[in-house]
Amino acid sequence: MELKPGLSAFVTGGASGIGKALCIALAEKGIFVTVVDYSEKGKEVALLLQKENLKLHSGSKFPSAIFVKCDVSNKGEVAAAFEKHLETYGGLDICINCAGIVTSVPFQQDQTDGTRSWRHAINVNLVAVIDCTHRAIKIMEAAKKPGVVINLGSASGLYPMITDPIYSSSKGGVVMFTRSLAPYKKKGIRINVLCPEFVRTDMGELVDMRYIDIMGGFVPIDTIIKGTFELITDESKAGACLWITNRRGLEYWPTPNEEAKYLLPSSKMRKRFASVTPTTVHIPQSFEKVIVHTLSNNFRGATSVVRAPLSLPIKSDHVLLKIIYAGVNASDVNFSSGSYFSGSKQEISSRLPFNAGFEGVGLIAAVGDGVKNLKVGTPAAIMTFGAYAEFAMVPSKHILPVVRPDPEVVAMLTSGLTASISLEKAAQMESGKTVLVTAAAGGTGQFAVQLAKLAGNKVVATCGGKDKARLLRDLGVDRVIDYKEESIKNVLKKEFPKGVDIVYESVGGDMFDVCFNALAVYGRMVVIGMISQYQGEDGWKPRNYTGLCEKLLAKSQTLAGFFLTQYAHLWQQHLDSLVHLFSLGKLKVTVDPKSFVGVQSVADAVEYLHSGKSVGKVVVCIDPSFSQQTAKL
Ligand code: NAP
């Protein structure tokens, strides 16, 4: 939701502290505000807002702000406050439930029943939040217009606050209540919770300063406003819990990986992603595969399809995999040119011919005597050379068990794993940052944008073409830059003057320079690849990066490289996490619709990827009979 004049907001606890600051910040955007508070000080806040917006709202039939005196623990008064808001502004766009109190009597000594009791604290901090959220949802549903509710939780709702267990429990309740309401997004109503550590307000001032110092000081009110506005404006946030500390800034909790540990897939997804019943696999006497016979980055010229015998029995610790889908990668042309082997040109040439293809999924056709943990007929993936083939013989330790041998799973291998592992390890991505992804609608880019978004970042993505831009918008990218329509350099300069915090860069050449120059102070840029350089006339030539060290030094930046093969120890863990996010419907996998069938079509598929026309992951269906069988089921 764009914060623009004419919207109306209802803010409880608006007379002081965070509530008052939010009322002022909303009014500065020209938003009509109802200041709700039990304290008469709310009247002064409303007067201040009226003064603030005197010019902006002159001639408007609505007052800039009104004050409604209301004890939020009294349901009659709450109902009347909402009625007054509707009567005045005719609708409700934003509801911020900010009213909250600490318990004034230590829990063990609490014998009171009145406004100093623990029961009253729960009523104000939790029951009233439920009441107000409930009323706001009803109003927004009836109006059939989008709306946002922001509930004020607290960092003490995420971890215990031993000095005030009642406050902590009430805020924990607010967090879980809010997160459970995420499905309202389908109706256009987004309910989110903000969990700041201590802010310098009347409540914050009560806290022992030694404690505040340990936390790294008070969280500035501007950071709270920034977080609130992010939750209001970012349409992807529903049920989101934004944790704000002085030490780490804005951070969404839980992280997608954390969430993936305990969420179960929906029944629709379980059905779609149900595991395959083991079946026997016919093993022929020979099979077709793509081999590299000449070192060249012209994949078609470097390779040919050959027939090879299938020699059985297989070695004791080996597995024979029947490949059903193989994944196409930008770096197939680097592999065919020998760039991924070390040694002299002569040493590399002595390896010819060698098998091509980095990744595939299929069914286990046979296992050696020594393989006890893998069953014939079950689905598995490989990320070893030789996947552009009808069969691949690999050591059993290279087998990655998967639930289904589907094209989406192939996409999660090299492309998905590169994004998942590099963003965690090389980019050290957290949340609340601005992440720039290049070639974002491609095989790996599509994962990077979604993982960055899921982790609670603002995502900027580059692509060339309308279809790609549409996909990226559907994936929740905040700012799509279609370089065929506008200049990436100009957009970054104008809209991100402070720079971006993380860059996931895979294009290289001029794109590298543009992105590097847009990196913020402390920024981290991860070099994933350089697709624009792979197919030069005489092969891939190293570039000069004049002044690189000087630039890094001047802005305390980090430039990191990432090569997936060096992270094999993390593949299974990250693959499981991607598959889980996919099965929960939190991660979308786009496979390019262009059909490539059989090993004969591999060169076409590689050229198609390098044409720049592909959207999502390019996949070759090595054996169409499997998908036809499942389609019939
Ligand atoms: P991809 O992104 O699907 O590649 C296709 C996209 O790249 C195109 O749609 C186009 O997107 C862009 N592109 C293609 N040719 C280009 C050219 N000559 N100049 C500029 N842009 C071009 O391919 P991918 O397999 O996922 O690989 C993407 C990058 O990640 C590659 O650099 C690859 O080497 C790297 N990668 C690295 C690792 C690793 O371990 N480090 C692993 C996997 C992939 P737009 O025109 O829309 O930008």
Side-chain angles (χ1 to χ4, degrees), residues 284 287-293 296-308 321-337 354-363 379-392 402 404-418 439 441-447 463-465 467-468 471 529 531 534-535 588-631:
F287 70 104
E288 284 194 326
K289 62 177 180 176
V290 175
I291 55 136
V292 177
H293 53 70
S296 166
N297 60 10
N298 174 344
F299 191 85
R300 190 181 294 280
T303 59
S304 58
V305 174
V306 296
R307 184 159 279 284
L321 188 72
K322 173 188 168 58
I323 310 277
I324 295 170
Y325 291 99
V328 181
N329 287 285
S331 39
D332 282 324
V333 298
N334 300 330
F335 189 64
S336 65
S337 70
F354 50 81
N355 299 331
F358 297 158
E359 57 183 352
V361 291
L363 296 174
I382 50 164
M383 288 170 63
T384 49
F385 303 140
Y388 286 145
E390 290 171 334
F391 285 87
V402 293
R404 288 184 62 88
D406 288 349
E408 287 83 359
V409 178
V410 183
M412 288 182 223
L413 299 175
T414 308
S415 299
L417 289 176
T418 296
T444 188
Q446 61 169 322
F447 289 97
C463 69
D467 289 349
K468 296 183 190 190
L471 168 71
I531 190 168
Y534 294 164
Q535 288 191 306
K588 291 180 186 150
V589 179
T590 302
V591 174
D592 187 278
K594 195 165 171 64
S595 157
F596 297 98
V597 180
V599 281
Q600 303 286 350
S601 70
V602 167
D604 294 340
V606 173
E607 284 180 359
Y608 177 62
L609 185 146
H610 281 278
S611 72
K613 290 182 191 147
S614 58
V615 183
K617 179 78 182 176
V618 180
V619 169
V620 175
C621 177
I622 303 286
D623 180 355
S625 60
F626 175 80
S627 53
Q628 281 158 10
Q629 265 171 32
T630 47

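Keep in mind the model is a prediction, meaning the values are calculated, not measured.
Separation of atoms CG (Leu413) and OG1 (Thr418) is listed at 10.0 Å; rounding is to 0.5 Å. Rounded to the nearest 0.5 Å, atoms CG (Asn334) and CD (Gln535) are 8.5 Å apart. The CD1 atom of Ile531 lies 11.0 Å from the OG1 atom of Thr444; values are rounded to the nearest 0.5 Å. Rounded to the nearest 0.5 angstrom, Lys322 NZ and Asp623 CG are separated by 3.5 Å. To the nearest 0.5 angstrom, Cys621 atom SG is 8.0 Å from Ile324 atom CD1.
With a 4.5 Å cut-off on side-chain heavy atoms, Phe391 and Pro284 count as touching. Looking at heavy atoms from C-beta onward, Leu417 lies in side-chain contact with Met383 at the 4.5 angstrom threshold. For the pair Val361 and Asp406, the minimum side-chain heavy-atom distance is 4.5 Å or more. Counting only heavy atoms from C-beta outward, the side chains of Val620 and Val328 approach each other to under 4.5 Å. The side-chain heavy atoms of Ile323 and Ile382, taken from C-beta on, include a pair separated by under 4.5 Å. No side-chain heavy atom of Tyr388 sits less than 4.5 Å from a side-chain heavy atom of Val305. A heavy-atom distance below 4.5 Å is not found between the side chains of Val591 and Tyr325.
The aromatic ring centroids of Phe385 and Phe354 lie 6.0 Å or more from each other.
Pairs passing the salt bridge (charged side-chain N to carboxylate O under 4.0 Å, His left out) check and including a residue from residues 598-622, sequence neighbours excluded, read Arg300-Asp604, Arg300-Glu607, Glu359-Lys617.
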For residues 594-601, dump all side-chain donor-acceptor pairs below 3.5 Å to protein atoms at least two apart in sequence or in another chain.
residue : atom : partner : partner atom : Å
Ser601  : OG   : Val597  : N            : 3.2
Ser601  : OG   : Val597  : O            : 3.3
Ser601  : OG   : Gly598  : O            : 2.8

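Side chains of Ser331 and Asn329: a donor-acceptor N/O pair is absent below 3.5 angstrom, by distance only.
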